[in-house]
Amino acid sequence: MGPFTTGIVHPMNISIFDNYKSEWENDEVRVTIPFSVAGVGTTILLTSKFTGKLILFDVGDGVLRDLLSSRKTDFVNDIDPIAVSHGHFDHVGGLHSLFGFMRMMGRTNPLNILIPAGCVEAITIIKGYRDLYRTTLPFKIWYHELSQGSGFDTDFFKVKSVEVEHFSLETDSGTGLLEPALGFRVQVGETIVAYTGDTRLCSGAETVVRDADLAIIEATRKKTPDPDSGHRVHLSVEEANELGKLAKEFILVHKVPEI
Ligand SMILES: [Zn+2]
């Protein structure tokens, strides 16, 4: 979740979000990041060039608009799995809309959602949706609670999860609490694409990105805070740039917009 400190986003400023897109590709995989802004939403799409099959990292608010603005509606049947890094709204809030669109368009393939073990936000949305439309949902939705080192393979994608350290400040006492949070490494052909999710600097974040062909790294904080300044919730741009050196190439995402 992102720290807006400078006020509300005014509609006049929406065009600034155009600065938060990225793309990357090689012979085997195309990575499309139509949107990733801290505290708003994140959508990261990987396409296998062999098969056209898709895997989605995170489903923040606006995911449906992001997908529709970057491709045709083929994603309705071709996305599987969806990997959710953690339960903050800017990473999971678009699930209901995406399910609704898939139901409306008549998806039939089962959909697998990979979530951190104990991610109550994702579980609540998924179970609630299945209950609501139990008799009219044309596809199955399965969720899989992953932890350190868990794997999940489809015919097209091999996913490995790594636990990372991401604090939430949403406790009654105002003290921090570690969220269930994962980074992912996905193999497409011989290519490894890594995604940190939200994390502070920790050994898990290093494990996620090390030797990846492409590492997608959150870089929410503009400055690296004093080590004694309390919980380190996110990576700074400086930390993310250092971390990126462990990978062959990297992209920074999840920045705080300039308002
Ligand atoms: Zn977060």
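Residues: numbered from 1 along the sequence shown. As the structure lists them, so they are numbered: ligands from 1, and atoms in each ligand from 1.
A side-chain N or O of T51 and one of S48 form a donor-acceptor pair less than 3.5 Å apart. Counting only N and O atoms by type, the side chains of N26 and T191 include a donor and acceptor under 3.5 Å apart.
Here H166 meets the criterion, with an N, O or S atom under 2.8 Å of the Zn ion (ligand 1). Among the atoms of H86, an N, O or S atom is found under 2.8 Å from the Zn ion (ligand 1).
No more than 12 heavy atoms of other residues, nucleotides or ligands lie within 6.0 Å of CZ in R65, so this atom counts as exposed by the packing criterion.
Residues passing the ring pair (Phe, Tyr, Trp, His ring centres under 6.0 Å) test with F157: none are found, sequence neighbours excluded.
At the Zn ion (ligand 1), the angle from OD2 in D198 to ND1 in H88 is 180° when rounded to 10°.
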